[in-house]
Amino acid sequence: MAVKDDKVEELARRRGFLWQAYEIYGGTAGFYDYGPLGARLKRQLEAEWRLFYSLEGFFEIESPTIAPVSVFKASGHLSCFSDLAVVCNKCDSFFRVDEELTAGGKCPECGGELVAAGELNLMFQTRIGVPKGRDGTRRGEGYLRPETAQGMFVNFQRLLRFNRSKLPFGVIQLGKAYRNEISPRQSLIRLREFTMAEVEVFVDPEAKNSHPNFDNVRDRRIWINPAEGEECETSVEDAVRNGTIANEYLGYHIAKVKEFLERIGIPSDRLRFRQHRKDEMAHYARDCWDAEFMSRRYGWMEIVGIADRGDYDLSAHAMHSKVDMGVPTQTRSKIIPHVIEPSYGLDRIIYALLESAFTEEQVGKETRKVLRFVPELAPVKAAVFPLLNRTELKQKAEEVFQSLKRELVYVDYDDSGSIGRRYRRQDEIGTPYCVTIDYQTLEDDTVTIRNRDTMAQQRVRIADLPAVILADIRKLHV
RNA sequence: GCGGCAAUAGUCUAGCGGUAGGACACGGGCUUCCCAAGCCUGUAACCCGGGUUCGAAUCCCGGUUGCCGCACCA
């Protein structure tokens, strides 16, 4: 609030998309509220995502957000998150303990002495049930999940049986995850509580190079930034064949991620796929590509991670739980499937959507601000106005409003101020269609539909209104 | 976490020790036959807690939040 805000974020706050959480108590960093329009935008994004992966034949589950410590001992999150931290007693610089940096060592910044600063744990810890046993021992140690993925791995046996013991199959999960970030910043980019949408594809490791639908994506063009070599545009097929992308499954899902992001309105010229270098890869990953969005405000930012997790998770849970995660095969002994995981950060995608939808243009002396959402995601699908503030027009407009609402649900009515002002209000929240009732309507039951992007109007019969608007919305779904 | 800077209506801001002002937005009314027009009118703010002072939005201290840099981002 202090510094002049970015226009997109100012609009998002003013019009009810995004608010700092717990504002009346001064706010809490890393937490955001979605206001009425933001929540609607997000719900619709989630619906599109479900639809997209359900069409792949994947099934959705919903696991708890709290898990006992044993899950994270197995997954590696506990040890990878619980490193000790040291702090310099001279300049207060803060470091994660490693071979070079230990308590008693020298600060690389100023040469001061490093002292232990406690545990650096990025997971929120909690207690499940009564925190102490009769003998005084602590128990019920639990954590808020830092990713939704573990819920799918720990249920692998159930899921496999559900799929009648066949590979491959895909499972999706959408929900909150929590990371106690040291310094959350940049609005929706680094939150402490955020929404993930994760896909786990379980595949026979020997089948990773023969995805049944690879033909559908082989010619897709993608911008890649590989760990070694130059950033370039390439086809999915070439990147897989020359080994830049490790296998067909990974290539296929990179292509699907791009398809989804384009569908929801992220322009492809602001998208690239960047490969992680060995030293930045997560503890579970063999290969990892980030879908990155070019933000005008923050530069390249990760919005989706597509990882080849190998058999890391299933093997780890098999070992810790002593439950067999193997899958019987016809010709070989049991195998542990590999996992290909596209993991979407939905809040970051909401930010990317807001930024890429936002445009300003000069109309006469005024600046017209428009959020050019794809109609599927627009939080208000249509608005109905009486041309003038006259009883007979208002009555008719109210009728049209009520009937349109039954079809489209998310419809606004507005009779305040001039017609131009009302168009602008709707432009600012991205409403794709504005329906205006004028005197001709009273004579022949036709209205004008005004298009958000072109500002052009067409006259249609009231009876045809829902069909005309729905047809336009569905056109985008081919 | 560290350092620097900042915090005034819904939004953007003026004021910088002595009655808190504007613009836009928003509500009500008038006007208006299609793109933020005009007129009248109304609502609305000094981040929180301490201190200094006769008096604090203003100065000092602490906290919170935000921005920038460093670190962190499994």
Side-chain angles (χ1 to χ4, degrees), chain A residues 1-7 9-16 19-31 35 72 75-83 85-88 90-96 101 107-110 117-118 120-123 146-147 177 179-187 189-192 276 280-285 288 290 297 301-302 305 307 345 363-370 385-390 393 416-428 434-442 447-452 454-457 459:
Chain A
M1 257 211 273
V3 171
K4 191 169 170 66
D5 272 298
D6 180 70
K7 286 174 180 175
E9 287 168 33
E10 185 271 320
L11 174 71
R13 174 169 42 248
R14 188 163 44 80
R15 298 307 306 268
W19 297 318
Q20 166 91 59
Y22 311 113
E23 208 176 5
I24 65 166
Y25 290 107
T28 303
F31 298 93
F72 301 113
S75 72
H77 286 93
L78 200 62
S79 54
C80 285
F81 264 25
S82 297
D83 288 346
V86 286
V87 64
C88 173
K90 238 170 101 184
C91 69
D92 283 326
S93 291
F94 182 83
F95 305 95
R96 168 173 292 226
L101 296 166
C107 172
E109 294 291 315
C110 71
L120 179 68
N121 195 329
L122 285 169
M123 285 192 294
E147 59 175 15
R179 297 179 193 182
N180 203 357
E181 295 283 352
I182 294 168
S183 72
R185 253 181 223 187
Q186 302 174 327
S187 73
I189 313 306
R190 284 176 75 183
L191 295 173
R192 289 185 163 130
H276 282 207
E280 64 173 321
M281 213 105 77
H283 63 275
Y284 50 71
C288 188
D290 285 345
R297 187 161 155 85
M301 64 189 223
E302 178 196 352
V363 178
K365 280 187 295 187
E366 302 293 337
T367 303
R368 188 170 87 108
K369 291 182 182 172
V370 192
F385 312 142
L387 179 60
L388 295 172
N389 199 359
R390 296 276 161 72
L393 291 177
S416 148
S418 70
I419 188 80
R421 176 182 299 271
R422 289 177 247 156
Y423 284 142
R424 293 293 189 271
R425 278 190 192 123
Q426 296 300 328
D427 289 341
E428 228 180 36
C434 291
V435 174
T436 298
I437 280 70
D438 55 20
Y439 283 107
Q440 190 181 331
T441 310
L442 302 179
V447 293
T448 59
I449 301 188
R450 178 261 200 187
N451 180 290
R452 176 194 69 198
T454 63
M455 296 199 286
Q457 287 173 268
R459 189 163 274 278

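Computed from a prediction, not measured in an experiment: that's the story for all the values here. Values reported hereafter were calculated over all heavy atoms of this structure, with side chains retained and with hydrogens, waters and symmetry mates removed. Sequence lines set the chain letters: A, B, ... in the order given, protein chains first and strands last, and positions in each chain run from 1.
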As an exercise, state the distance from CZ of A:Arg190 to CE of A:Met301, rounded to the nearest 0.5 Å.
13.0 Å

Hey, what do you get for CD (A:Glu147) to CE (A:Met123), rounding to the nearest 0.5 Å?
10.0 Å

Base, sugar-phosphate, or nothing: which does A:Asp427 touch, judged by heavy atoms less than 4.0 Å apart?
nothing

Checking only heavy atoms, does the side chain of A:Arg190 share a donor-acceptor pair with the base of B:G66 at less than 3.5 Å?
no

Among A:Glu9, A:Gln20, A:Arg13, A:Arg297, exactly one meets side chain to side chain contact (heavy atoms under 4.5 Å, CB included) together with A:Ser187. Which residue is that?
A:Glu9

So, is A:Gln20 close to the B:G66 phosphate, meaning a side-chain N or O under 4.0 Å from OP1 or OP2?
yes

Specify the separation, in whole Å, of atom OH of A:Tyr25 and atom P of B:C48.
13 Å

Rounded to whole Å, how long is the line connecting atom CD of A:Glu280 with atom P of B:A71?
15 Å

Interatomic distance, A:Ile24 CD1 vs B:U64 P [rounded to whole Å]:
18 Å

Mind checking A:Glu428 for me? I need base, sugar-phosphate or nothing, with any heavy atom below 4.0 Å counting as a touch.
base

Here the distance between atom P of B:C12 and atom CZ of A:Arg15, to the nearest Å, is 15 Å

Under 4.0 Å between a side-chain N or O of A:Arg390 and OP1 or OP2 of B:U32?
yes

Flag if over 12 foreign heavy atoms under 6.0 Å of OH, A:Tyr439:
yes

For B:C34, does the base pair up with any side-chain atom of A:Tyr423 as donor and acceptor (N or O, under 3.5 Å, distance only)?
yes

Heavy-atom side-chain proximity of A:Thr441 to A:Thr448 below 4.5 angstrom:
no

Would you indicate, yes or no, if B:A37 has its OP1 or OP2 atom less than 4.0 angstrom from a side-chain nitrogen or oxygen of A:Ser418?
yes

Nearest to the side chain of A:Arg424, heavy atoms from C-beta on, is which of B:C34, B:C35, B:C12?
B:C35

Between N or O atoms, less than 3.5 Å apart, protein on one side and nucleotides 25-28 of chain B on the other: list the pairs.
unit_1, atom_1, unit_2, atom_2, d
B:A25, OP1, A:Arg421, NH1, 3.2
B:C26, OP1, A:Arg425, NE, 2.5
B:C26, OP1, A:Arg425, NH2, 2.8
B:C26, OP2, A:Arg421, NH1, 2.9

B:C35 base to A:Arg422 side chain: any donor-acceptor pair below 3.5 Å?
no

What is the separation between atom CG on A:Leu387 and atom P on B:C35, rounded to the nearest whole Å?
9 Å

Determine the interatomic distance between C1' on B:U53 and the same-named atom on B:C59; round to the nearest Å.
10 Å

Assess whether one donor atom and one acceptor atom, taken from the side chain of A:Asp438 and the base of B:C34, lie less than 3.5 Å apart.
yes

Whole-Å distance between B:A9 P and A:Arg13 CZ?
11 Å

P atoms of B:A7 and B:G17, separation to the nearest Å:
15 Å

Spell out yes or no: do the side chain of A:Gln457 and the base of B:C34 have one donor N/O and one acceptor N/O closer than 3.5 Å?
yes

Are A:Glu428 and A:Arg14 ion-paired here, with the side-chain N under 4.0 Å from a carboxylate O?
yes

Rounded to whole Å, NZ of A:Lys7 lies from C1' of B:C67 at a distance of 18 Å

Of the options B:C34, B:C33, B:G3, whose atoms approach the side-chain atoms of A:Tyr439 most closely?
B:C33

Nucleotide B:A36, atom P - distance to CZ of A:Phe385 in whole Å
13 Å

Nucleotide nearest A:Arg297 (side chain, heavy atoms from C-beta), chosen from B:A36, B:C67, B:C33:
B:C67

Distance between C1' atoms of B:A57 and B:U19 (Å, rounded):
14 Å

Between the base of B:C34 and the side chain of A:Thr448, is there a donor-acceptor distance below 3.5 Å?
yes

Mark yes or no for a side-chain to base donor-acceptor pair under 3.5 Å between A:Thr367 and B:A36, with no hydrogen or angle criteria applied.
no

How would you list, by chain and number, every residue that makes a ring-ring contact (aromatic ring centres under 6.0 Å, His included) with A:Tyr284, sequence neighbours excluded?
none

With the side chain of A:Arg185 defined as its heavy atoms from C-beta on, choose the nearest nucleotide among B:C35, B:C34, B:G69.
B:G69

For A:Cys288 and A:Ala307, the nearest pair of non-hydrogen atoms, with its separation, is SG-CB, 4.0 Å

Convert the base pairs of RNA chain B into dot-bracket notation, remembering that pairs crossing earlier ones are written with [ ] and that bases paired across to another strand are shown as |; include only Watson-Crick or G-U pairs under 3.5 Å.
(((((((..((((....[..)))).(((((.......)))))....(((((..]....))))))))))))....

Taking the P atom of each, how far is B:G29 from B:A14, in whole Å?
35 Å

CG-CZ distance between A:Asp427 and A:Arg452, expressed to the nearest 0.5 angstrom
8.5 Å

Closest heavy-atom pair and its distance - A:His276, A:Asp290
NE2-OD2, 2.8 Å

Minimum-distance nucleotide to A:Ile182 side chain [options: B:C72, B:C35, B:A36]:
B:C72

Exactly one of A:Arg422, A:Arg450, A:Arg425, A:Met455 should register a side chain to side chain contact (heavy atoms under 4.5 Å, CB included) with A:Cys434. Which one does?
A:Arg450

So which heavy atom on A:Gly417 is nearest to which on A:Arg421, and how close?
CA-CD, 4.3 Å

